[in-house]
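These notes concern the structure reproduced below.
First listed ligand is number 1; within each ligand, the first listed atom is number 1.
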Amino acid sequence: MTGAASSGPCPGSGSPDFAYCGGQLHCEQVAIADLVERFGSPLYVYSAATMRDRVQRVRRAFGEQAHICYAVKANSNLSVLRLLHEQGCGFDLVSGGELERLHAAELPTNQVVFAGVGKQSWEVEAAVSAGLLFFNVESSCELPLLSAAGAAAQRPVAVALRLNPNVEANTHAYISTGKDENKFGVAIDRAKDVVAQIVADPWLQLVGYHAHLGSQLRTVDPYVQALDRVLEFVDGASERSDGVRYYDLGGGFGISYGEGAALDVAEVADALLPRLEQRSWRPVVEPGRFLVGDAGVLVTSVLGEKSQGRSEFLLVDAAMNDLMRPALYQAEHAIVPVVQRPNAALRTVDVVGPVCETGDFLGRARSLPRCDRGDLLAVLAAGAYGASMASNYNSRRRSAEVLVDGEQVRLVRRRESFAQLFQDEIDA
Ligand code: LLP
């Protein structure tokens, strides 16, 4: 970074709530360097304002009648779940553990959908007794479990059938879910029999269809193609539409990660809503990344620099165990200094963590100013699939997490202790 310490938006951030003020990166009203002073590093820092703004955008696009079911897997911190509930969100779950989180946060479960390609009996039973909006059925082997749980509770279970429309989502292969070669949903040419099975079961009610296509989608087309294919299927026989009142178009709304445009959610809504209205089907959306991705950064402290051959490395204290996305999906997260260094020369470095894997990098070939030990960097757009995918690999403690709201700061997860790392291990 060259020139005088400046104020203004943070380059590469998708949120105006991360900005420089007097050369210091702030989250809303709070200087990030002060947070590291208090809570240590690495540190996840979240902006409440960004999350609220994103919910509003989705609501404006899809209207008041839409159910916004936040995909808990993106960031499952209890305080984040509470904040999104206060904004009127329901939840999209994929495991019994995520349901336990809602119970722990004392959140209602009547606006909750439950997907997941393989469900265990205890998960189905727990979810049926919680009284969800509906289940997203992905495989016919779930149906007997759901039916038995409904019979035991003496209450029919509402199900939406997750169809796999074989649509190209144009995203990373590991996060594409709507193609034949993906394990998710029921292929349309097999769905007839699954519908028949649901309709014949006194404890199951077909209330909708679901078509989550993948994550980090940047264009509207796949959503339109999926709805086309679902409607063509539904129009094939009246039993496929009787009683149906929801269309769950999934999540997948892409953010910019500092390059290109985010998905325009209003454009998705404009393309789909008129056709849903024609059938009086209510939209359900399951955004994860779009609500929380740009709302978080991972702050890390510089440990040192080194050169090897023609490579220059910047060693930092965060690693692939804190943020898996670069290693797993070759994801590019912008990385910026937390305190600007006016006049410092820029050079190209690989930003790497201390974990013993060559795949342990946060960013490659990044242009950054020369750093000293203790200087702080922020890895941007790390609010989604950051902390929620963190692990203890190399016996590293998972990071602390802080939620900023204006001037207010709340520690929403303490840094793990070493005792927690091995407390469940049995020492023979
Ligand atoms: N609904 C269902 C059924 C899902 O499986 C997912 C994500 C979502 C909604 C939310 O998708 P989103 O709006 O966040 O794109 N770990 C990967 C992303 C995996 C997404 C898995 N399913 C990443 O870091 O890119």
- [ ] State, without any angle test, whether Y257 and Q216 hold a side-chain donor-acceptor pair at a distance under 3.5 Å.
- [x] no
TODO: Would you kindly specify which portion of R162 sits under 4.0 Å from ligand 1, judged on non-hydrogen atoms: side chain, backbone, both or neither?
DONE: side chain
Task: Within 45° cone of Y385 ring axis and under 6.0 Å: R289 NZ or CZ - done: no
Open item on the list: For M389, which part has a heavy atom under 4.0 Å from ligand 1: side chain, backbone, both, or neither?
Closed with: side chain
- [ ] For ligand 1, note which part of D92 has a heavy atom under 4.0 Å away: side chain, backbone, both or neither.
- [x] side chain
Task: Protein heavy atom at shortest distance from atom 3 (C) of ligand 1 - done: E286 OE1, 3.5 Å
Task: R325-ligand 1 polar pair, N/O distance under 3.5 Å - done: yes
TODO: Classify the contact between Y329 and ligand 1 as side chain, backbone, both or neither, using a heavy-atom distance cut-off of under 4.0 Å.
DONE: side chain
TODO: Examine ligand 1 and decide if any of its atoms is less than 4.0 Å from a heavy atom belonging to G252.
DONE: yes
- [ ] State if P287 counts as touching ligand 1 under the rule of any non-hydrogen atom under 4.0 Å.
- [x] yes
- [ ] Measure the distance from atom 4 (C) of ligand 1 to every protein heavy atom, then report the residue, atom name and distance (to 0.1 Å) of the closest one.
- [x] K73 NZ, 3.1 Å
Open item on the list: Does anything in residues 123-168 form a ring-ring contact (aromatic ring centres under 6.0 Å, His included)? List the pairs, not counting sequence neighbours.
Closed with: F114-F135, F134-Y246
Task: Mode of R289 contact toward ligand 1 - side chain, backbone, both, neither (heavy atoms, under 4.0 Å) - done: both
TODO: Hey, could you give me each pair passing ring-ring contact (aromatic ring centres under 6.0 Å, His included) that has a residue in residues 152-185? Not counting sequence neighbours.
DONE: H172-Y174, H172-Y329
Task: Taking atom 8 (C) of ligand 1 as the reference point, the nearest protein heavy atom with its distance - done: H212 CE1, 3.4 Å
- [ ] For T50 and D17, test the side chains for any donor-to-acceptor distance below 3.5 angstrom and give the result as yes or no.
- [x] yes
Open item on the list: Checking a contact table here: which protein heavy atom is nearest atom 19 (C) of ligand 1, and how many Å away?
Closed with: I175 CG2, 3.8 Å
Open item on the list: I need the nearest protein heavy-atom contact for atom 20 (C) of ligand 1: residue, atom name and distance, please.
Closed with: Y385 OH, 3.5 Å
